[in-house]
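The figures that follow rest on heavy atoms only: side chains count, while hydrogens, waters and symmetry mates do not. Letters go in sequence order (proteins before strands), and every chain restarts at 1.
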Amino acid sequence: MIVLLGVALVVIGFALRFNPLLVVTVAGIVSALLGGISPLHILDAFGSGFASSRSVTIAFIVLPVIGLLERYGLQQRAKQLVSQAAALTAGRLLLLYLAIRQTTAAFGLTSIGGAAQMVRPVIYPMAEGAVMREHGRTPVAVTETIKAHAAAADTVGVFFGEDCFVAVGSILLITSYVNTSYHLKLDPLHVAIWAIPTAIAAFLIHGFRLLRLDGRLAAMIHEHRA
Amino acid sequence: MITAEWIYWVLGGFFLIVGIQIAFDRHHKLRRTNAAFWCLLGASMWYGSFVRAPGGEPPPMHPELPAWLLGVAVIAMACIAGFGFTGHDRVHTTSEHEREAYATQKKNWLFVPALTIPLVTVLVSVGAGKLLINGKPLLATGSATLVGLGVATIAALFVGWLVLRPRNPGVAFTEGRRLLESIGWAALLPQMLATLGLLFTQAGVGTQVGSIVHHILPEHSRVFAVIVYALGMAVFTIVMGNAFAAFPIMTAAVGWPVLVEQMGAHPAPLFAIAMVTGFCGTLCTPMAANFNLVPPALLEMRDKYGQIKVQIPTAVPLLLVNICFLLIFPFV
């Protein structure tokens, strides 16, 4: 029972808005000590945990390219392009991105989008450009909302797309875990098919919210000016 | 054979360049701690190649080096960044005005290097598995996407230099540093969370939660069992930041013994929908830092929880839809 204190520490730490790095480090050490793991083994775990999870930071590798392109006006060009396409509002643009992200991820092409590769350099500036075309300069709160929605469209798209793909981690985890634990013979394809209803539901729910985004942003700008 | 290790070394090299740049930047306000942080992170990416995996698999490269030393470095980095000794300083870059002028001048050529990244990634990860050199595959299996992204970035960098012709090509790394410094401590968090998951598992947190869930479960109620399974997946994912950690625990406690064995649910739809129910939890949690905290840092948002706040109104209705799916599909 007492090992659950580590979980409680995480919840409390995040709730009190301590720096997440410290929260995670302290919670990890505390629950390991309570679980009877020796200090040297804890250090070992931090080391091997870091080494084996290096792939999660791999997206940062694109930053020199994106930085270089930003220096020469990539974000500005994205805005200029959108300013010529009157039908493309921020909400519709993000809906289109959600659709593309989800479909490509469903075919296993998860590295097509992403916060570093697509959202910061192209998608967010385009969405903001579309709002600026309509309303002129945007207040900070509106910019924040656009950024948050651009990032969210990317995450929702990739999550509920990739799980329809046969060779993705979550599907393989299910089949390998239940097939070894319970002596089943589940086929990955058979499991992946059942992720499709949820994928469609996710697209409908999030897409509906994106279609209403333009109205919300307009209201925010209106309120700010009043 | 090109393996993921090569790409980790390239990324580590980029972190080291950033650290060294900061070390020589006299105007940087937090010069020493920032330089130490990025150099340590870069060196750790390299050192990680020589460390044994948590399961006991031998390290990808020889000789094997002690993991605890890397552990000390990781905790040191967490302290430097956690106590606020990293932070971004203004890196000299072009002004908004200059960028507008460049954008008008370079036009859509600017998109060419940007689109090179996904294009080459896909080509490499799909095609290179079939590429043989001396009868051996060019890419290691299982790391095709990762290697693809690395190769694509290097290709895009050359395309970028060709299209934009900067006077000093090294400016790419200064600009990369600008973005990396704006991410700051969030760059280390995803890996720290992976480690936390490992420690939780070793300390037996999962089995504890499993036994609690088993105790509160009323017997013979399909609706209750489904709701406990679904909410357990979502809540446990919120705490652990990862549906992968929640799935074995909740399935061992409820999914298999109660829903499949007692109530005769079909395994394929039950487990698939349970997993995506966990994903609803992922949308709501700062513990999934890579998806929910790194993008706001990268976009330089003021509210680092801003993205999560936008995702919750999608996650909650989707969770309810999933509960309905779980009540229907596995039982027809």
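Ion pairing of E300(B) with K147(A) is absent here, as no side-chain N (NZ or NE/NH1/NH2) approaches a carboxylate O to less than 4.0 Å. The existence of a salt bridge linking E144(A) and K309(B) is excluded, since no basic side-chain nitrogen approaches an acidic carboxylate oxygen closer than 4.0 Å. Checked for salt-bridge contact, E98(B) and R71(A) miss the test: no charged N lies under 4.0 Å from a carboxylate O.
For I66(A), the parts sitting under 4.5 Å from any heavy atom of chain B are the backbone and the side chain alike. There is no contact between P121(A) and chain B, counting heavy-atom distances below 4.5 Å. For I58(A), the parts lying under 4.5 angstrom from a heavy atom of chain B are both the backbone and the side chain. If you measure heavy-atom distances from V191(A) to chain B, the contacts under 4.5 Å come from both the backbone and the side chain. Interface remark: Q117(A) contributes side-chain atoms only to the contact with chain B (heavy atom separation under 4.5 Å). There is no contact between V23(A) and chain B, counting heavy-atom distances below 4.5 Å. For chain B, the nearby part of V178(A) is the side chain; its heavy atoms alone come within less than 4.5 Å. Interface remark: I61(A) contributes backbone and side-chain atoms alike to the contact with chain B (heavy atom separation under 4.5 Å). Proximity to chain B is limited to the side chain of F160(A), based on heavy atoms less than 4.5 angstrom apart. For chain B, the nearby parts of F60(A) are the backbone and the side chain; heavy atoms of each come within less than 4.5 Å. Contacts of L33(A) with chain B are absent, with no heavy-atom separation under 4.5 Å from either backbone or side chain. The part of Y124(A) that comes within reach of chain B is its side chain, from C-beta onward, which places non-hydrogen atoms under 4.5 angstrom from that chain.
Across all non-hydrogen atoms, the minimal contact from A67(B) to S48(A) is CB-N, 4.1 Å. Summarising the geometry of A151(A) relative to Q311(B), their closest heavy-atom pair is O-OE1, 4.4 Å, with the distance given to 0.1 Å. Closest approach of G71(B) and F46(A) over heavy atoms only: CA-CB, 3.8 Å.
Looking only at side-chain heavy atoms (C-beta outward), T57(A) and M45(B) come within less than 4.5 Å of each other. No side-chain heavy atom of I174(A) sits less than 4.5 Å from a side-chain heavy atom of T251(B).
Annotation: maximal heavy-atom pairing with chain A below 4.5 Å, among P190(B), S49(B), G148(B), A114(B), occurs at S49(B). Ranked by heavy-atom pairs shorter than 4.5 Å toward chain A, the options T94(B), L299(B), L199(B) are led by L299(B).
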- Task: List the steps, then state whether side chain to side chain contact (heavy atoms under 4.5 Å, CB included) holds for S44(B) with R54(A).
- Result: CA-CA 9 Å; S44(B) 301; R54(A) 284 174 295 161; over 6 Å; no
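Side chain of R99(B) to backbone of E70(A): a donor-acceptor contact under 3.5 angstrom is found. Using a distance-only test at 3.5 Å, with no hydrogens or angles considered, no donor-acceptor pair links the side chain of Y102(B) to the main chain of G73(A). In terms of modelled atom types and a separation under 3.5 Å, the side chain of R120(A) and the main chain of L298(B) share a donor-acceptor contact.
Taking the ring centroids of F291(B) and F159(A), they lie under the 6.0 Å cut-off.
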